Amino acid sequence: MTQHSDAAGASASDAAPTSIAARAMASLRPQGSPYLEGLNAEQRRAVEATDGPVLVLAGAGTGKTRVLTTRIAHLIATGKARPFDILSVTFTNKAAREMKHRIGGLIGPAGEGMPWLGTFHSIGTKILRRHAELVGLRSDFTILGMDDQLRLMKQVIVDQNIDEKRWPARALSSAIDGWKNRGLLPEQVPPGEAQAFAFGKGGALYSAYQARLLTLNAADFGDLLLLCLKLWRENPDVLENYQQRFRYILVDEYQDTNVAQYLWLRLLAQGHRNVACVGDDDQSIYGWRGAEVDNILRFEHDFPGAVVVRLERNYRSTGHILAAASGLIAKNEGRLGKTLRTEDVAGEKVTVSGAWDSEEEARQVAEAIESLQVKQHPLSEIAVLVRISAQMREIEDRFVQLGLPYRVIGGPRFYERAEIRDALAYLRVTANPSDDLAFERIFNTPKRGLGDATLQALHAFSRAQGVPLLQAARLVVETDELKPRARSGVRALVESFSRWSRLVGSQPHSEVAQTILEESGYTEMWQKEKSADAAGRLENLKEFVRSMEEFPDLAAFLEHVSLVMEASEQEGADRVSLMTLHAAKGLEFDTVFLPGWEDGLFPNQRALDESGRAGLEEERRLAHVGLTRARKRAKLSFAVNRRIHGLWSSTVPSRFIDELPEDSVDVLDAPAHFSAGASRFDRNPTPFGSSYGTPGWQRAQANTAQSGNANGYGVGNRTPTNRGGPRQIEGELIAKSTGAPSAFSVDMRVFHTKFGPGTVAGVDGNKLTVDFDKAGRKMVLDSFIQAA
DNA sequence: AGAACGCCAATTTTT
DNA sequence: TTGGCGTTCT
């Protein structure tokens, strides 16, 4: 069938979109279906099984996104659906963007106009805005970020006279999030659980919190889905409208859905029952965040008659890596079972090596990276994946010391940084004077002499008059409620906001933002601050204002930021990537280093304590995710001693190491070169002396590192190949340092992105000894330094 | 208001 | 060992 009757029927009334689809079809038909070419049999089955429920179990590297996007192209090209008939949900904005992009590549501009392709939350928002009044909101409700949410919770806790120290907002927040993740409204929370928090007040707090949200005309992230459920349950006609609208539903990363998302999907899917879920139970690593692996395990039960397609052919990794990953994940019991296979060569075995301590492990990783670099491997094809962020420090330190360029992926997101949240708060109040949470945030930032007492007075007034804080402030300055000092401060603020509000619409919004940041004294506040990160924050603010230009108006920009908590990662420079295993999902690299495979760290003790066997299995899936990120090389390591919370403790290699299939693993051991010499037990006595970091010093270090084994541990990891590494690198560094005289001299004031401002104490080629104001004396490469 | 101290806790993190 | 937080002192 090439032309679905509904599509044809609608074409008269809905000419424009259909004609785009028709054009797309026309352009495709002459060649048949070129987009299907190059798919393997299973992928093709997953694409062509258009009707009825479908579960695609897509192992790592098996072409999951390709199937998803081709499926959409297929639906459109065959006329089974128009772009706006298809609901396609992902978890992250990145995934949504990627899909849009690839669909565009497959079917041309027709793919651009997929209005229902997005994250659960963005689609939930879109739906809620249309029917906001049915759940007690106005359509311009604000979406609260984590920080607003916590502030609000704190208020609710205090209002209910609960000791905020015994029952911190954090704990309440996680309880409420948990309930929302499970699709539970306050009245639906099991009494037992509601009782458990704050002497039986859990339920009341949840209700009170929801009530506060409504008065603020705000929703938190959980609400974006939960309120859809409420909306649909209470308004069957609205639900039916959406059920009819979405002829086809596609879900990415189904293994990560929580109960609320599952219910959300199930309600919608009850219309046409054409729901295709793509996921991999072996990559479910977000259980701690409410994801239910059970959703994917139960799919066939929930959607009877479902077609299940397994994608097991891996196009990413070489044989040994795949064998190692498969062997490991096979130890899990709660899984649907897949066996990844490849037609690629066996390739290099996965390597396992030990180090005396975590510092040495970091050194070994850095050294191995340098030796790859010497062999012309791009740094951008190398990643270091750790279990917890705390592991990054030692590795970063080492990279900084060697001048090895790296980038940390993940970490605090752009829009979560304090300066950005502050700037946003100003804009939010300007755009929406009733945004009390935003108002409170910047009420006294920068300092304008307004303290708690003033805020309390405003709150009291606001409650008494039933008006937002800003309005209350406007009224209060006309009275004698406040002391003169506070009164003038509040008046200035109120007048500023009136002025700024008038600017909106008459000036480009990025200019308005710029004006606000300047007139409020906010920019000045950071200029005066001279801590290490102030410069970076100002830089972020500039970037923030610049990024506004991409949006048509202030409202559109604010909507974007509340949902898309990310900054555009600047690509380009050749750098090693450093991130947690969680952040690595979905990425791939030629070479992957996996340090810290020690029991207690990985699998993580806490996961084990809190979730027992399920926790262990999730950790194992995390290991599987880590291994399958590698195309050609996976390098595991562990340390025998690690500093945990400041104390050194001895550790035991991860149980996962012994679960790897022997045939695919190379244990690197060269006891003779075990480099205990450079461990903390035998440190260079003058690490900050002026000769530190010179080629000669480095040579000395390299020699020490090669000399003898002070301890009895038999596992080291210096292979004959990378033993030549340091010397060549050293050659490189010499070459660099003799190339041009340094632009820096002693006593010069400089700035380093990591260590902040400092004074040059010594110059040696391209290496500087700098006395940092905050970080003390460090050796750094001049390329990491700017004149201050 | 801001520095300075002491205490406590300490995975993973998107929207 | 760090960092975040609240308290107390200037």
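So you know, we letter chains A, B, ... as the sequences are listed, proteins then strands, and number each from 1. Predicted, not measured: the structure shown is a model, and the values here were computed from it.
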Original post:
Where the side chain of A:R393 is defined as all heavy atoms beyond and including C-beta, which of B:dT13, B:dT15, C:dT2 is the nearest nucleotide?
Top reply: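 When the side chain of A:R393 is considered, C:dT2 is the closest of B:dT13, B:dT15, C:dT2.
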Original post:
For A:K154, does the NZ atom sit with more than 12 other heavy atoms under 6.0 Å from it, leaving out its own atoms?
Top reply: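 Atom NZ in A:K154 is not packed in, count stays at 12 or less.
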**OP:** Ignoring backbone atoms, establish whether A:T580 has a side-chain N or O less than 4.0 Å from OP1 or OP2 of B:dT13.
**Re:**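 The answer is yes; a side-chain N or O of A:T580 sits under 4.0 Å from OP1 or OP2.
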Enumerate all atom pairs, one protein N or O and one N or O from nucleotides 6-10 of chain C, separated by less than 3.5 Å.
none

Base, sugar-phosphate, or nothing for [X], non-hydrogen atoms under 4.0 angstrom?
X	value
A:G449	sugar-phosphate
A:R643	sugar-phosphate
A:E619	base
A:N444	sugar-phosphate
A:E610	base

**OP:** With sequence neighbours excluded, tell me which residues meet side chain to side chain donor-acceptor pair (under 3.5 Å) with A:R621.
**Re:**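 Side chain to side chain donor-acceptor pair (under 3.5 Å) list for A:R621, sorted by chain: A:E618.
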Subject >> Contact nearer the 5' end of DNA chain B, comparing A:Y286 with A:R448 >> reply: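 Here A:R448 is the residue nearer the 5' end.
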Original post:
Under the criteria of a ring-centre distance below 5.5 Å and an interplanar angle below 30°, is A:W288 stacked with the base of B:dT12?
Top reply: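 Taking the rule of under 5.5 Å and under 30°, the ring of A:W288 does stack on B:dT12.
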Subject >> Aromatic ring of A:H645 stacked on base six-ring of B:dA9, 5.5 Å, 30° >> reply: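 So A:H645 does not count as stacking on the base.
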Original post:
Mind checking what makes ring pair (Phe, Tyr, Trp, His ring centres under 6.0 Å) contact with A:F589, not counting sequence neighbours?
Top reply: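 Partners of A:F589 under the ring pair (Phe, Tyr, Trp, His ring centres under 6.0 Å) test: none.
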Subject >> Residue list, ring pair (Phe, Tyr, Trp, His ring centres under 6.0 Å) with A:W116, at least two apart or on another chain >> reply: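 Here the qualifying residues are A:F246.
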Subject >> Partner residues of A:D147 under the salt bridge (charged side-chain N to carboxylate O under 4.0 Å, His left out) criterion, sequence neighbours left out >> reply: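 Salt bridge (charged side-chain N to carboxylate O under 4.0 Å, His left out) check on A:D147 returns A:R421, A:R441.
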Original post:
Who are the salt bridge (charged side-chain N to carboxylate O under 4.0 Å, His left out) partners of A:R266, not counting sequence neighbours?
Top reply: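 Checked A:R266 against salt bridge (charged side-chain N to carboxylate O under 4.0 Å, His left out); zero matches.
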Original post:
How close or far is atom P of B:dA10 from atom CG of A:L601, stated in whole angstroms?
Top reply: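 Atom CG in A:L601 sits about 16 Å away from atom P in B:dA10.
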